[in-house]
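First up is the structure itself, then whatever we jot down about it.
Given the structure is predicted, the values throughout are model-derived calculations rather than measurements. Both backbone and side-chain heavy atoms feed into the values below; hydrogens, waters and symmetry mates do not. Sequence lines set the chain letters: A, B, ... in the order given, protein chains first and strands last, and positions in each chain run from 1.
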Amino acid sequence: MKNTISFRIADFLKRYPPFSNLSVVQLEALSEEVSISYKEKDSLVFEIDESAHDQFYVVHKGAVALWDTGENVILDICDEGDIFGLRPLMAHENYRLRARTQEETILYAIPIAKFRPYIKENRRVADFLVESFASNTRNPYDKSNRGQLLGNADQFNPRNESRLLDLQPVEFSKGIVSVAPETSIKAIAQQMTSKGIGAMLIEQRGIPIGIITDKDLRNKIATGDHSISAKAKDIMSSPVITYPTKLTITQAQMAMMKSNISHLVLTEDGTVNTKAIGILSKHDLMLSLGNNPAVLVKAIKRSRSVEDIKPLRNGVMNLLRGYLDQNIPMALTSKIISELNDSCIKQVVKLAMEKMPSKPPVKFAWLAMGSQGRSEQLLHTDQDNALLFEDVAEDDFEATQRYFLELAKYITNGLNFIGYEFCPADMMASNPKWCNSLSGYQKMTSKWIMNPGPDEVLLSSIFFDYNRAHGDKELVSKLSRHIFDTVKKYPIFLSHLASSSLMNPSPSGFFRQFLVEQDGEHKDFFDLKQRALMPLVDAARVLILHHNVPDISNTWERYEKLAELEPNNKETFLACSYASKALLRFRTKQGLQNNDSGRYINLELLSKEEKMKLKRTFKTIKEIQELLNIRFMVSRVR
Amino acid sequence: MAETTPTLPEFWKAYEASFRQGLPKKVSEANFVVLDTETTGFDLKNDRILSIGALRIKNGTIKAKEAFEVFLDQTTFDAKTVEIHGILKKGKVARIPELEGLQILLRLLENAVLVAHHVRFDVGMVNQALKRQGLPKLMNPELDTSVLFNKSLPRLKRKQEGHYSLDELSEYFDIPKTDRHTALGDAYITAIAFLHILESLQPVSLEKLLKKDRFWEFWKFL
């Protein structure tokens, strides 16, 4: 007798962690124990406080939503290959969430009793579970963060920014130099000098047993307490104080203070019984502290030239990398990084103003447009900006504009120097079109709104996300009020804006396959920006204009506001908010990895997990596009 | 119903005895056994069953452990009229005598509702095999996924002749065609399609569900 069904199950499971870590034999044995369950849409898998089943679930097809019924919010949506309902089984507790199918779903139910032995036997399976559980605890709000084993979500308070320092990982020296306990002090001192290190690790059979620092040489040898012919084992501090490599700055500080030592040894599992991975010195710690946002902001504000700012921008990038590695909530990450980017821009503006021969003739404001305006620009990308100045007498206009154009030139050059590429479409304040008076902009935007052709719609979509980076607040609100009032009078504009936002079809085909670029330089790559991020960004802009809500330019904040304004669409909007954060994180990570803008993604290089995460957001995009289509009767203007 | 005679083997008696318990009212409480047979051809009299695949569905759940697939040793039968040999030589799987295969099927089947795609054919083949072994016919109520699928569609979308292939169903419900044309692989596709069909039919009771299949009504009056 053979069982093609268990083969079929094994064939599916082997594509997803942790099952991908099992051997073929293990997987086939496990698969024989699986039950396949068909669930209708909206059927309950388990309820809050229900005692844990003797099995956990893997979604084979369809989608299952995990609800926090107290808050009445969806915490996660599991689809193909996602595991849920495992954590309560491991913790021997009742379910903390409700699991309900979002659509027709086929589940594989795996008996925990048959799975448990593999957790014990197979370290990689155990590691995966631990990591997934750990990442669950981090943030129930940010979808891309949550591992797939959600059965419970601990709270992370995103308002508590002081915790950030705690979460930052330490950078430590990985190239360890070590010697045997029988080595002479003289040889050790010579090695330390030639390698320029302040501490030497003493190892026996690959295990750290002691450490000798500069201080030991001074206190124990130079004082004459030990002879120069002594051996390492005579003067080393032993046993060594060891910690795991996943150490945060605060933990490291505490550890050094507690033991009054200047070097921590980081080992594989954090105990003295495993191999040393690295040494963390007080000096390393000081460097890590330099990556603290507050310190960076101070340094940016103190900088006297763009040359000073440039290296600080690198610090910002390191911080960003650290936050992403640590899976710190995207909303918080982008807030801090945008804040730092803003500080840089402000400082560039300030420095440019000092270069001008005279003070500005009238009040003005520096506007960041596009992704920067939305506070969604985490990587160095193009600069899109505009300068807005107070209305002046007709005769003075030319001279005033000339002054601000000169200022803008200094600023855009400065920004370019610190890493913001010039805008290829010349949407920069150094272009007279984007260096205008309030009434000039009012006239221009009125024209766009009243006669929305394709170009006007495109310009609006970039300009309307502006955000004041520097300058007069009142001036900017006047412009915003004008725009909102005009849109109210000409609602057809919204239909055009909606129509243009629907030009990019949602990225998943019928079988949820990826749409990839058909030709050009990026053939077969997935255009993350155009296909996934922009539809969400565009939809948010149309809807927020429709609701007449000024002063929110960030996409997920817009969706959060929309969820508040339209409780009946709350679920969709919150899903959009999640999705835009997840996609931005994804793009930023890709960009950091490949050292580019992260826009084009080679799908072949993505892990199955990443693909699934990406796909998950596509459904949301489809939903919001359908909503736009209906609300603005897009088919009419098309 | 066939008279129980002392010559019938124990496993048949057990099968018959299971029918003493009536069918449950609720669909969720019913046992469904989804069956598929791979045969040498379509002639009930002259063709033979090469393999039987079956699985049980209860309350929307299939247990992998309860599914089985057996390959039957048909070499002792008429090798001249039936091109069995060519097919048999290909496979290296262990084969068991027909009687043994039937025994395994009956053990899983009991008094369950029998589901298959074009169920009359599979039941006909099994009944012929039973007859060869000197056993009576199957006693289970039957459901045909081809007929039920047609019923589940909106009237305008139904085919006139009401015939649907298993490939059409697997495409319609987006069921991967892995192991297509193996007995258990096809039984699995049939099972998943059946569950989808149940979802759209939403029968209030098992009795109502059985009435949806006109072949079942026909069977009742036999």
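- Among B/G185, B/G60, B/A183, the residue making the largest number of heavy-atom pairs under 4.5 Å with chain A is B/G60.
- In terms of heavy-atom proximity, A/K41 sits nearest to B/E199 at N-OE2, 4.2 Å.
- A heavy-atom distance below 4.5 Å is not found between the side chains of B/I57 and A/Y38.
- Using a 4.5 Å cut-off between heavy atoms, A/I5 touches chain B through backbone and side chain atoms alike.
- The part of A/E104 that comes within reach of chain B is its side chain, from C-beta onward, which places non-hydrogen atoms under 4.5 angstrom from that chain.
- For a residue to count as touching a neighbouring chain, one of its non-hydrogen atoms must lie under 4.5 Å from one of that chain's; by this rule B/L198 does not touch chain A.
- From B/L195, atom CG reaches atom NZ of A/K39 across 11.0 Å, with rounding to the nearest 0.5 Å.
- Contact of B/E100 with chain A is not made at all, since no heavy-atom distance falls under 4.5 Å.
- Between B/I192 atom CD1 and A/I106 atom CD1 the span is 4.0 Å, to the nearest 0.5 Å.
- Neither the backbone nor the side chain of B/F194 has a heavy atom closer than 4.5 Å to any heavy atom of chain A.
- The CZ atom of B/F173 sits 11.0 Å away from the NZ atom of A/K61 when rounded to the nearest 0.5 Å.
- With chain B as partner, the option from A/S35, A/S6, A/S31 having the largest number of non-hydrogen pairs under 4.5 angstrom is A/S35.
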